[in-house]
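I have placed the structure first, in the form of structure tokens, so that the comments after it can refer back to it.
One-based numbering, in listed order, for ligands and for the atoms of each. Bear in mind that the values here come from a model prediction, so they are computed numbers and not experimental data.
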Amino acid sequence: MKNFGKLLSYSVEKNIIRLEFEFGRGRIEIIRDDIINVFSPFMSEEHYSKAIEGEKAVKTEFSVTPVKGGIKTETAKITAIINDGFLVDFYDKNGAALCRDSREERISPENMTEEGKRQLLLEGHAINEGYTDFDILIKKEVSPEECFYGLGDKTGVLNKRNYQYKMWNTDNPAPHVDTFEALYKTLPFLISLKNAGVYGIFFDNTFASVFNMAKENPNFYWYGVNGGNLDYYYIAGENLKEILTAYTFLTGRVPLPQAWALGYQQSRFSYMNESDVLQVADNMRKYDIPCDVIHLDIDYMDAFKVFTYSKKAFPNMKKTVKKLSDKGFKAVTIIDPGVKAEEGYSVYDSGINAKYFCKTKYGRVYNGTVWPGKSVFPDFGRKEVRDWWGENHKAPISWGISGIWNDMNEPANFKTALPDDLVMHDEGRKATHLEMHNVYGHNMSKATYEGLKKLTGKRPFVITRACYAGSQKYTTAWTGDNTSLWSHLQMAIPQLCNLGLSGMAFVGTDIGGFGGDTTPELMARWIEVGIFSPLCRNHCAKYRKYQEPWCFGDEVLNIYRKYVKLRYALLPYFYDNFRICEQKGYPIMRPLIFNYPEDKICRNKNDEFMLGENMLVAPVVEQGEEYKKVYLPKGNWYDYHTGEKIAGGKTFVRHAPLDTCPIYIKENSMLPTCEPTAFIGEKPNDTLRLEIFGEKAAYEHYTDNGTDFAYRNGEYNLYEFIYRNGEFSVNVKNDGYAGKYKNIVLKKGDKTVKAAFNNNLKIKI
Ligand code: GLC
């Protein structure tokens with residue numbers, strides 16, 4: 001890292017403190033009283049952020065005063081001291097040191113001897129490349145008990161301490177293990193939790209970066225990057241919730257999805273033709289497994305040409321999609337960024353004519369190799385390229401397709417990595433692959449989202465494999481090519497929780513596992529977890545055992561049905577949590593620590609999670625295990641299956657045979673449910689079932705048309721349900737949506753009361 005030297009002078013201009021050091025310049029920008037940006041122009045004066053759109057700074061009171069060796073700036077929530085060397089230390093308003101730059105140096109480990117390397121290689125071991133140096137290196141002090149969360153889809157346990165990760169979107173189909181440094185996504189945001197408090201830090205730089213989370217030295221973590229600017233945001237808050245609300249204020253939130261997108265989704269690489277697809281659809285109904293979506297993987301295309309379909313496999317795609325729709329299914333098609341390089345193919349021709357594909361530094365269109373063979377890559381950083389890509393969705397939309405699944409957008413290239421110096425653009429600015437790689441999937445998703453929105457007016461449903469911070473505004477995501485392994489079922493929990501803590505809340509894994517062959521037992525346990533993931537899709541690789549729900553015999557089929565029906569019963573609760581996610585940035589699926597930041601046991605809880613505020617799920621994720629060691633945080637809980645009341649703050653053993661996923665509901669809460677249907681919208685959703693747990697509770701429930709953006713103009717209903725002194729009542733907070741409930745079924749313990757629903761209800765129960 002360069003030496004900034006002494007702080008020579010500073011000046012304050014609006015919300016920016018400009019800093020002149022002996023050997024460089026920096027600036028501190030007050031975004032809000034809880035968000036401060038630290039910046040030095042290593043590459044450019046501008047941020048060029050892909051994550052943050054529009055001006056975020058709001059007028060904020062702050063002071064700037066000189067102190068020994070630097071300056072101090074204070075907002076209502078943060079005290080920052082900027083020292084010589086551009087070392088920046090953050091304190092909370094009570095003076096607790098939360099995030100100080102470490103003064104310790106990294107020590108370069110001794111290089112390996114040639115003989116040592118030879119020995120390791122002989123047995124096929126990887127060679128540790130040793131010490132790497134960075135142009136931009138930030139080191140932050142770490143306390144012994146400090147935990148880290150976030151960082152996206154990375155492998156390993158919930159708490160990211162003691163790992164090293166690399167942010168370089170990577171398609172590596174080998175089974176994802178803890179030693180993997182890079183996966184598909186770049187979400188360079190982390191939350192630190194320690195006894196002194198909590199903070200968030202977002203390193204907004206798209207170049208390949210490395211996070212060493214106190215693995216190299218227990219006294220500090222470091223972030224290093226070669227390329228781009230020194231550009232990070234310090235986020236203050238009282239707890240994880242406040243941090244995530246602020247982070248998603250900056251980078252955006254998951255918009256409410258269409259209601260059907262919360263249904264169960266079935267996929268395979270690939271259902272090869274119309275009869276395959278229709279048979280899957282018919283089986284879903286025959287075996288009584290609720291299902292809303294069937295995915296068409298690459299084989300639906302004509303020679304893997306995007307925006308086309310194979311007339312041989314699907315003689316008339318519009319008719320196929322109509323047949324699906326008549327049975328209550330939506331169809332989602334996969335779209336890859338690699339466009340087949342073939343003259344006469346309109347997507348290729350129009351892209352070539354308009355010069356929309358990435359070029360080598362010598363000005364020739366770059367040819368890579370993906371599914372279609374020789375392929376070219378759209379330069380998604382340019383608006384006109386995104387618009388053109390968006391318009392290409394006219395084809396799938398005309399067939400009746402309801403959503404788009406974006407894959408291979410790291411971007412993946414089969415034979416070699418794309419050259420670092422490939423010419424790409426960031427809007428009008430010429431850039432390189434090295435800079436744009438990690439935002440390639442982000443820009444592709446943005447193109448898809450905007451295209452679908454324009455073409456349909458509905459809330460777009462997009463799934464992506466690769467993304468960057470802020471992609472949550474445009475797309476859902478899945479965790480890529482996992483494997484049918486128990487360890488991958490176990491990993492799914494921390495992985496999805498950390499994605500949620502990184503802003504990407506609408507996420508799921510391939511239920512059952514993509515690679516490898518799932519077993520009946522693993523399938524049963526995976527669906528017991530999978531129904532709680534916001535994105536709920538079973539997907540499987542080519543030539544792997546079929547893993548539709550009926551492929552494992554009656555026992556698994558019955559378990560599968562039971563849990564998918566539970567998912568459908570819980571849809572009103574899911575939808576409420578999606579609304580909270582859009583309003584506040586809270587994830588739907590959360591680690592316990594998010595709700596219980598004071599509870600030290602929750603810091604490292606990897607095998608339980610919360611659904612929203614009120615439901616705790618403690619699934620069995622071990623082969624052959626029939627008992628679950630359950631931890632419940634302090635307070636009383638109700639066993640969802642038996643109704644038994646249990647005091648929390650302790651660990652106990654729950655019998656959990658194959659058909660049982662232990663679920664607990666917090667005392668003094670309510671749970672809205674509905675009658676499960678074969679698909680969303682099969683029957684009018686006119687009866688609300690509301691379960692009351694405990695003697696006093698309040699709960700906000702939200703409904704809207706589940707389709708378009710009318711809710712943003714007030715077309716929604718928001719109810720506050722109150723239960724006090726044995727009486728249930730309703731407080732209507734918004735009454736803008738015409739689709740009203742007709743009935744309500746209240747349940748409390750063994751008691752059930754049915755009534756006609758109206759806004760002035762009062763019911764004794
Ligand atoms: C990639 C995707 C996988 C998909 C396959 C074929 O491996 O991750 O989900 O099935 O490509 O499109």
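Close N/O approach between Trp478 and ligand 1 is not found [any backbone or side-chain N/O within under 3.5 Å]. Residue Trp405 places no N or O, backbone or side chain, under 3.5 Å from any N or O of ligand 1. Taking only nitrogen or oxygen atoms, main chain and side chain alike, Arg537 does not reach within less than 3.5 Å of ligand 1.
Here is the list of ligand 1 atoms found below 4.0 Å of a heavy atom in Trp371: 6 (C), 11 (O). With ligand atoms numbered from 1 in the order given, ligand 1 contributes 1 (C), 2 (C), 7 (O), 8 (O) to contacts under 4.0 Å with heavy atoms of Arg465. Under a 4.0 Å criterion applied to the non-hydrogen atoms of Ile334, ligand 1 contributes the atoms 12 (O).
Considering Asp426, Asn438, Asn443 as possible partners of Lys50, the one that fulfils the side chain to side chain donor-acceptor pair (under 3.5 Å) test is Asp426.
A cation-pi geometry, defined here as NZ or CZ lying under 6.0 Å from the six-membered ring centre and within 45° of its normal, holds between Lys160 and Tyr163. Relative to the ring axis of Tyr449, Arg459 does not place its NZ or CZ within 45° and under 6.0 Å from the centre. With a 6.0 Å cutoff to the six-membered ring centre and a 45° limit on the axis angle, Arg537 counts as a cation-pi contact of Trp405. Seen from the ring of Phe532, Arg567 does not count as a face-on cation partner, given the 6.0 Å and 45° thresholds.
When only non-hydrogen protein atoms are considered, atom 4 (C) of ligand 1 lies nearest to Asp297 OD2, 3.4 Å. Ranking the protein heavy atoms by distance from atom 7 (O) of ligand 1 puts Asp481 OD2, 2.7 Å first. Of all protein heavy atoms, the one closest to atom 11 (O) of ligand 1 is Asp407 OD2, 3.0 Å.
Under 4.0 Å from ligand 1, not a single heavy atom of Asp336 appears. Counting heavy atoms under 4.0 Å from ligand 1, residue His539 touches it through the side chain alone.
Other residues, nucleotides and ligands place no more than 12 heavy atoms under 6.0 Å from the NZ atom of Lys374. Around NZ of Lys562, the count of heavy atoms belonging to other residues, nucleotides or ligands within 6.0 Å exceeds 12. Around the NZ atom of Lys545, the shell of radius 6.0 Å holds no more than 12 heavy atoms that belong to other residues, nucleotides or ligands.
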